[in-house]
Amino acid sequence: MMQSALSALFWRELQLARSVGGGGAMGVVFFLILVSLTPFAIGPDLNLLSRIGPAILWIAALLATLLGLDRLFQSDADDGSLDLLLTAATPLELVVLVKCVAHWIATALPLIVASPLLGLTLAMEPASLAGISLSLLAGTPALTMLGAIGAALTAGLRRGGLLMAVLILPLTTPVLIFGVSAATAASGGTVPFHIPILILCGLSLAAVAGAPFAAAAALRSRDA
Amino acid sequence: MNQQFALTSLSARSVSVDRGGRAIVKNIHFELRAGEALVALGRNGAGKSTLLRAIAGFLPLSGGELTHAGEASEAPLPELCHYVGHADGLKSALTASENLEFWARMLATPSSGESLAPSQALHRMGLKRLADFPVAYLSAGQKRRVALARLFVSPRPLWILDEPATALDVASQEILGEAFARHRASGGMIIAATHAPLGLIDAAVLDLSATDAGAIGNA
């Protein structure tokens, strides 16, 4: 019964993300624009571009992930769905986790697929392109889960999106550091590739394990 | 019907609820048995919605206690209730039947009382022709009817209704009245806040604006 409820929730979230105004495609378009603006701003210095390419891609991915996250719980709070989810027999922690998984698939997965193509426009080496995709794959779950805490804290507020970004961006610093270092380690350097990737995986797993409890607690006390 | 015995009584003893540091609901007492209904009356801001949200478990009590008894009493009270509030809980991008099918699965309960398939529930609320329409195109009253159709897709013994008749036409109010009677006949309970008559016969009345202590009378 609980599996049926959670799979219903999962498919509904994907369907909503795909629909107009759901914001599923918005993140990847924003990512594309941000990354393609960079060469115009920096100029046609290929060495410089390939050196800072991983950092640009990671910062763009970070901002694109946060772009749609503020609506994760706010739209449910506005239309009353959140109250009804509280009366379901399914624990709210699992509801949060399933919503985050669906959000990650709808917004972060397209970024990961698009990142090697965009890396080409930043004159990155082939090894680096694989590295950036892998590092995003390992690191974006942590971004989504951390963002979910911020989204839950600001769910009851009008225009809570900016506050959410201010709350969450400082917490994403470790993910950004190890993400960029994994992407640069892939194209050579003194650090072996697996060390930053393993740390990223650890950060993501810790966020997946802890964030649903924090977000669910924030949602329960939203009204009090 | 198992639902008959799922919840035999619900009682509130000196229940108080605070919001933003102010006591909105103070010292409420009531006792509901299977098949009974309670109507909360009061001027705007008297705390009707606050009391209903506290019973549904969305707000913590600042004092007193709510106890429920019956076969399903191990389950927390929120999982035994249907809540229909001011917001309809519908996604405007999805169709009426998609919305209802989702809630039918999300709010499913282990109890085996009477429940309708989403399409039948929409039919009962007179929305059969609009089932495949995105909710965004429905009127306020039609949206409210989709929200009320949720009551039929999953059997839950306690219905908590905050102004359920808002935006409903006369025919829909009659359908709602019949649904109330059927629910109470099968042993369900109803707690409603309202300004308009709801067709709840012999409902106990809780007047929240009368005194500090909620006075209980009979309508």
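Remember, predicted model here, so these are calculated numbers, not experimental data. Note on naming: letters A, B, ... go to the chains in the order of the sequence lines (proteins, then strands), and numbering restarts at 1 for each one.
- From B/L59, atom CG reaches atom CZ of A/R222 across 9.0 Å, with rounding to the nearest 0.5 Å.
- Across every non-hydrogen atom of A/L84 and B/L107, the tightest pair is O-CD2, 3.6 Å.
- In this structure, B/F133 places its CZ atom where only 12 or fewer heavy-atom neighbours from other residues, nucleotides or ligands lie under 6.0 Å away.
- For B/E101, no part sits under 4.5 Å from any heavy atom of chain A, backbone or side chain.
- Only the side chain of A/T90 comes within contact range of chain B, with at least one heavy atom under 4.5 Å from a heavy atom of that chain.
- Rounded to the nearest 0.5 angstrom, A/Q15 CD and B/F102 CZ are separated by 11.0 Å.
- When the heavy atoms of residues 77-92 of chain B are compared with those of chain A, the residues falling under 4.5 Å are B/P78, B/E79, B/C81, B/Y83, B/A87, B/D88, B/G89, B/L90, B/K91, listed by number.
- Across A/T87 and B/R156, no two heavy atoms sit closer than the pair O-NH1, 2.7 Å.
- Within a 6.0 Å sphere centred on CG of A/L198, other residues, nucleotides and ligands contribute more than 12 heavy atoms.
- With a 4.5 Å cut-off on non-hydrogen atoms, A/D76 touches chain B through its backbone and its side chain both.
- With B/R105 contributing its side chain and A/A5 its backbone, the two residues share no donor-acceptor pair below 3.5 Å.
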- [ ] Tell me, with the steps shown, if A/L85 and B/W103 meet side-chain contact (heavy atoms from CB on, under 4.5 Å).
- [x] CA-CA 9 Å; A/L85 289 173; B/W103 287 118; 3.9 Å; yes
